[in-house]
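What's counted below: heavy atoms across the whole structure, side chains too, no hydrogens, waters or symmetry copies.
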Amino acid sequence: FLRYYAERFDTVELNTTGYRLPSEEQFKRWAEAVPDGFEFAPKMPIIRLDRIGPFLERVRLLGDRLGPIRVVVQSPRDDGMLSYLLGSLDEDVRVAFDFRDESWKDVGDVVRVDDLEAEPFRYIRLREPPYTDDELRDAAARLRPPAYVYLRHEDEPTAPAYAQRLRELLHPRG
């Protein structure tokens with residue numbers, strides 16, 4: 001599907017990196033397979049802090065095709081862990097935090113997944129297909145650039161059609 005997506009869109013979410021860290025060669029192949037301007041948004045689960053360095057080294061192999069990293073945090077709030085993670089990042093690496101525990105609700109100064117007011121970019125995940133045209137119009141009306149929007153991949157391959165429709169609504173011709 002990568003060729004299909006790269007011909008139609010500017011970005012794709014790499015959910016696979018949340019389950020197993022692909023080889024260096026795989027990251028290089030992905031980067032070579034897409035046109036200039038295309039970005040990958042890898043998923044980084046925070047399970048063990050000693051895995052942060054190797055993960056970042058690997059995804060950096062995407063070069064200028066590295067988009068924002070979605071950092072999935074399942075555990076309760078740990079400011080030390082957050083500080084360690086943020087201190088491990090080069091300043092040009094963009095991250096969006098996908099906090100899964102309520103104890104993180106008042107953490108500020110980070111981009112959160114699905115926060116339409118986040119700065120300096122928005123990372124939005126639409127997770128409840130099927131989408132009506134009215135729902136897509138509403139989403140388009142609420143988004144402001146720069147925004148990375150990813151739709152849930154279903155058993156039926158409808159997500160690309162929804163993504164294309166949302167793109168048309170965000171960038172009308174004429």
Side-chain angles (χ1 to χ4, degrees), residues 5 9-22 39-60 62 65-155 158-160 162-163 165-167 169-171:
Y5 278 57
F9 307 111
D10 321 39
T11 185
V12 70
E13 192 175 54
L14 285 178
N15 207 30
T16 188
T17 58
Y19 302 102
R20 175 185 65 78
L21 187 59
E39 293 181 313
F40 292 93
K43 173 183 176 180
M44 179 171 74
I46 298 298
I47 299 168
R48 293 179 32 193
L49 294 180
D50 65 335
R51 303 293 176 143
I52 293 172
F55 181 92
L56 294 172
E57 286 176 27
R58 245 355 118 79
V59 300
R60 291 298 248 165
L62 292 168
R65 280 130 169 100
L66 176 59
I69 298 171
R70 180 170 62 100
V71 178
V72 179
V73 181
Q74 302 273 1
S75 62
R77 185 168 176 169
D78 179 343
D79 290 336
M81 181 277 298
L82 181 62
S83 179
Y84 179 83
L85 172 63
L86 293 172
S88 300
L89 300 171
D90 293 334
E91 58 181 61
D92 65 327
V93 174
R94 296 164 289 169
V95 295
F97 287 91
D98 191 350
F99 295 120
R100 303 286 175 93
D101 189 279
E102 279 296 311
S103 61
W104 293 96
K105 69 181 176 191
D106 63 346
V107 171
D109 296 327
V110 297
V111 172
R112 291 171 176 270
V113 170
D114 295 332
D115 180 355
L116 292 168
E117 302 303 318
E119 289 296 340
F121 66 94
R122 272 116 333 264
Y123 192 112
I124 307 300
R125 300 181 83 227
L126 300 177
R127 311 308 299 158
E128 298 298 327
Y131 307 103
T132 66
D133 203 59
D134 285 342
E135 289 170 322
L136 293 174
R137 281 181 192 282
D138 181 57
R142 294 182 304 138
L143 285 171
R144 62 186 172 82
Y148 294 83
V149 181
Y150 302 101
L151 289 92
R152 181 175 173 188
H153 184 76
E154 310 160 60
D155 292 335
T158 56
Y162 291 133
R165 179 62 180 140
L166 182 59
R167 186 179 182 129
L169 292 166
L170 289 168
H171 307 288

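Rounded to the nearest 0.5 angstrom, Lys105 NZ and Phe99 CZ are separated by 14.0 Å. With rounding to the nearest 0.5 Å, the separation of CE in Met81 from CG in Leu49 is 7.0 Å. Note that CG of Leu170 and CZ of Arg165 are 10.0 Å apart. Values are rounded to the nearest 0.5 Å. For the atom pair Leu166 CG and Ile124 CD1, the distance stands at 10.5 Å (nearest 0.5 Å). Taking CG of Leu136 as the start and CG of Asp138 as the end, the distance is 9.5 Å to the nearest 0.5 Å. Rounded to the nearest 0.5 Å, atoms CG (Leu85) and CZ (Phe97) are 4.5 Å apart.
Side chain of Trp104 to main chain of Asp98: no donor-acceptor pair is present (N/O by atom type, distance under 3.5 Å, no hydrogens or angles). Of the possible donor and acceptor atoms, one in the side chain of Arg112 sits under 3.5 Å from a partner among the backbone N and O of Val107.
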Take Leu126 and Glu135, measure what side-chain contact (heavy atoms from CB on, under 4.5 Å) needs, and give me the verdict at the end. CA-CA 10 Å; Leu126 300 177; Glu135 289 170 322; over 6 Å; no

For Tyr148 and Val111: C-alpha separation, side-chain torsions, deciding distance, then whether side-chain contact (heavy atoms from CB on, under 4.5 Å) applies. CA-CA 12 Å; Tyr148 294 83; Val111 172; over 6 Å; no

Report the C-alpha distance between Val95 and Val110 in whole Å, list the side-chain angles of each, state the deciding distance to 0.1 Å, and finish with yes or no for side-chain contact (heavy atoms from CB on, under 4.5 Å). CA-CA 8 Å; Val95 295; Val110 297; over 6 Å; no

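Atom CZ of Arg152 has 12 or fewer heavy atoms from other residues, nucleotides or ligands within 6.0 Å. The number of heavy atoms from other shown groups lying within 6.0 Å of CD (Glu119) is above 12.
Sorted by first and then second residue, the side-chain hydrogen bond (donor to acceptor under 3.5 Å, both in side chains) pairs with a member in residues 51-60 read Arg60-Asp90, Arg60-Asp92; sequence neighbours excluded.
Nearest approach of Leu151 to Arg127, heavy atoms of both residues: C-NH1, 3.8 Å. Between Tyr131 and Tyr162, the closest heavy-atom pair is O-CE2, 3.3 Å. Smallest separation of non-hydrogen atoms from Asp101 and Ser103: OD1-OG, 2.6 Å. Taking each heavy atom of Pro45 and Gly18 in turn, the nearest pair found is CG-O, 3.4 Å. Scanning both residues, Leu56 and Ser88, for their nearest heavy atoms gives CD1-O, 3.6 Å. Considering every non-hydrogen atom in both Gly67 and Arg94, the closest pair reads CA-NH2, 3.3 Å.
Checking each of Ile52, Leu86, Ile46 against Val71 for a side-chain contact (heavy atoms from CB on, under 4.5 Å) leaves exactly one that passes, namely Ile46.
Residues passing the ring-ring contact (aromatic ring centres under 6.0 Å, His included) test with Tyr84: none are found, sequence neighbours excluded. The side chain to side chain contact (heavy atoms under 4.5 Å, CB included) check on Glu13 picks up Arg70, Tyr123, Arg125, Tyr150, with sequence neighbours excluded.
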